[in-house]
2 protein chains.
Amino acid sequence: MMELTRKGEYAIRGIVFLASRPPEQICLLSDIAAAVDVPPTFLAKIFQQFSKIGLVKSYRGTGGGFVLGRSADKITLLEVVEAVEGPIVPNRCVINKGECARDATCNVHPVWVDVQHRVRDILNEVTLQKLAGTNPPK
Amino acid sequence: MMELTRKGEYAIRGIVFLASRPPEQICLLSDIAAAVDVPPTFLAKIFQQFSKIGLVKSYRGTGGGFVLGRSADKITLLEVVEAVEGPIVPNRCVINKGECARDATCNVHPVWVDVQHRVRDILNEVTLQKLAGTNPPK
DNA sequence: CATAAAAAGACTTATAATGTCTTTTTTGTG
DNA sequence: CACAAAAAAGACATTATAAGTCTTTTTATG
Ligand code: SF4
Ligand code: SF4
């Protein structure tokens, strides 16, 4: 239960690697993919999603590639995960009221709300800067 | 991300309903399924799993049905969820060491370990007794 | 023995995960 | 300007998991 998909795992690996590089250095997708051992075409899709919401900045054409959209200490693991996996919802009924007809009287419902908050809190405390911390800058 | 499956949701509904009945009363699967609005054949599979590990006790033949395997205050939501969904693993690498070659040096790894513990703690604090609390005994 | 009920297992269908492949757009350089 | 390098976009393919059904078997009761 509650398992991160490979897409999510790859997304994290990719952007953490990017965060471990000098901020101004443009990285090729192919290089990132090779470094974190992810199928390049798959990582491409992931980085396209990142790019759309500004988590990374992309440059096309010759000399193009990717850099972080903001400084690594301003990007949280929560953002990264939710960008590719969607919101963290331990059960349907926490998405919005009325999703389950029973939610008003259900005693289980608040437990899921609690789980959601705790997990989000944990992930929100972790920045890419922390994650990239001791990685070798090569 | 992290979404409970229907199987899990149904499992909880079913056993919470059972916990809301007088402890000695044998309940028909068909009655439980109708009460909690779950396909009876699907709930049958779920209760078979419960039965195998003793979460419920089943009686076959005429007059048969299900009762809780222990008193409701001795069964936690964690047990129920893990019985049908398997262990709570936010990422593959928390299953066992060596699942990911990077885990020794990875800074993300401990975050998932933390998530796992927090979620398990929350679910482990919730008993079926609490969940069945204010349900009408009909 | 007839009937009621759960157990077991095979099977089906729908959805989501995990990728791949091809084409298009953008951009820098000789 | 032509070309090459790189990301963007979108269609496609494959596999795995979820979700549920159906049939047959076993067990118990009266
Ligand atoms: S936990 Fe309660 S409110 Fe949420 S889906 Fe289940 S029954 Fe509905
Ligand atoms: S979080 Fe780290 S240890 Fe876990 S799977 Fe990803 S890379 Fe491996």
Side-chain angles (χ1 to χ4, degrees), chain A residues 1-15 18 25-34 36-69 81 83-87 89-92, chain B residues 1-15 18 25-34 36-69 81 83-87 89-92:
Chain A
M1 187 211 176
M2 306 221 145
E3 210 161 315
L4 193 71
T5 64
R6 288 181 192 230
K7 185 177 175 187
E9 165 65 19
Y10 293 164
I12 296 168
R13 281 197 216 167
I15 202 168
L18 193 56
Q25 184 181 329
I26 294 181
C27 290
L28 288 185
L29 181 73
S30 54
D31 289 347
I32 304 172
V36 300
D37 194 30
V38 170
T41 57
F42 200 3
L43 193 64
K45 290 297 174 195
I46 294 167
F47 269 58
Q48 280 169 28
Q49 286 187 259
F50 283 160
S51 180
K52 278 182 191 165
I53 61 175
L55 278 188
V56 303
K57 195 156 165 8
S58 73
Y59 299 93
R60 294 160 79 145
T62 310
F66 294 91
V67 296
L68 281 188
V81 169
V84 294
E85 300 267 18
V89 281
N91 201 353
R92 269 171 294 295
Chain B
M1 186 212 177
M2 305 221 145
E3 208 160 316
L4 193 70
T5 65
R6 289 183 194 227
K7 185 177 175 188
E9 165 64 20
Y10 294 165
I12 295 168
R13 281 198 216 168
I15 202 168
L18 194 55
Q25 185 182 327
I26 294 180
C27 291
L28 288 184
L29 180 75
S30 54
D31 289 347
I32 304 172
V36 300
D37 195 31
V38 170
T41 57
F42 200 2
L43 194 64
K45 290 295 174 198
I46 294 166
F47 269 59
Q48 280 169 30
Q49 286 188 258
F50 283 161
S51 180
K52 278 181 190 164
I53 60 175
L55 277 188
V56 303
K57 193 157 166 9
S58 73
Y59 299 94
R60 293 159 80 143
T62 310
F66 293 91
V67 296
L68 282 188
V81 169
V84 294
E85 301 266 17
V89 282
N91 201 353
R92 269 171 296 296

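To find a chain, count down the sequence lines: A is the first, B the second, and so on, and within it residues start at 1.
Note: CD1 (B/Ile26) to P (C/dA6) measures 10 Å, nearest angstrom. The distance from atom NZ of B/Lys7 to atom C1' of D/dG20 is 11 Å, rounded to the nearest whole Å. Atom-to-atom, CD of B/Gln49 to C1' of C/dA6 comes out at 15 Å; the value is rounded to the nearest Å. If you measure from atom CE of A/Met1 to atom P of D/dT17, you get 17 Å, rounded to the nearest angstrom. Regarding A/Phe42, its CZ atom lies at a distance of 17 Å from the P atom of D/dA7, rounded to whole Å. Rounded to a whole Å, the CD atom of A/Glu85 is 14 Å from the P atom of C/dA16. Look at CZ on A/Arg6: it is 6 Å from P on C/dT18, rounded to the nearest Å. Distance CE (B/Met2) to C1' (C/dA17): 17 Å, rounded to an integer number of Å.
Not one side-chain nitrogen or oxygen of B/Ser30 sits closer than 4.0 Å to the OP1 or OP2 atom of C/dA5. For D/dA8, one of the phosphate oxygens OP1 or OP2 lies less than 4.0 angstrom from a side-chain nitrogen or oxygen of A/Ser51. Distances shorter than 4.0 Å separate some side-chain N or O of A/Ser58 from OP1 or OP2 on D/dA8. Here A/Tyr10 reaches the OP1 or OP2 of C/dG19: one of its side-chain N or O atoms lies under 4.0 Å away. For the pair B/Thr41 and D/dC22, the criterion of a side-chain N or O lying under 4.0 Å from OP1 or OP2 is not met. Distances shorter than 4.0 Å separate some side-chain N or O of B/Thr5 from OP1 or OP2 on D/dA19.
Summarising the geometry, atom CG belonging to B/Leu18 is positioned 11.0 Å from atom CG belonging to B/Asp31; distances are rounded to the nearest 0.5 Å. Separation of atoms OH (B/Tyr59) and SG (B/Cys27) is listed at 12.0 Å; rounding is to 0.5 Å. Here the straight-line distance linking atom CG of B/Leu43 with atom CZ of B/Phe50 works out to 8.0 Å at 0.5 Å rounding.
Counting non-hydrogen atoms under 4.0 angstrom, A/Lys57 reaches nothing in the nucleic acid. B/Phe66 comes within contact range of the sugar-phosphate backbone alone, with a heavy-atom separation under 4.0 Å but no base atom that close.
Residue A/Lys45 places a side-chain atom within donor-acceptor reach of the base of D/dG10, judged by atom type and a 3.5 Å distance cut-off alone. Under 3.5 Å, the side chain of A/Arg60 and the base of C/dT27 form no donor-acceptor pair of N or O atoms.
For A/Pro40 and A/Tyr59, each mapped to the nucleotide of DNA chain C holding its nearest heavy atom, the one lying further toward the 5' end belongs to A/Pro40. The residue among A/Gly61 and A/Lys52 whose nearest nucleotide of DNA chain D is located toward the 5' end is A/Gly61.
Among all heavy-atom pairs drawn from B/Arg13 and B/Val36, the shortest one is NH1-O, 2.9 Å.
Listed nucleotides C/dG19, C/dT27, D/dA8 differ in distance to A/Thr62; the shortest reach to its side chain belongs to C/dT27.
A donor-acceptor pair under 3.5 Å links the side-chain atoms of B/Gln49 to the main chain of B/Ala83, judged by distance alone. A donor-acceptor pair is defined here as one N or O able to donate and one able to accept, closer than 3.5 Å; such a pair exists between the side chain of A/Glu85 and the backbone of A/Thr5.
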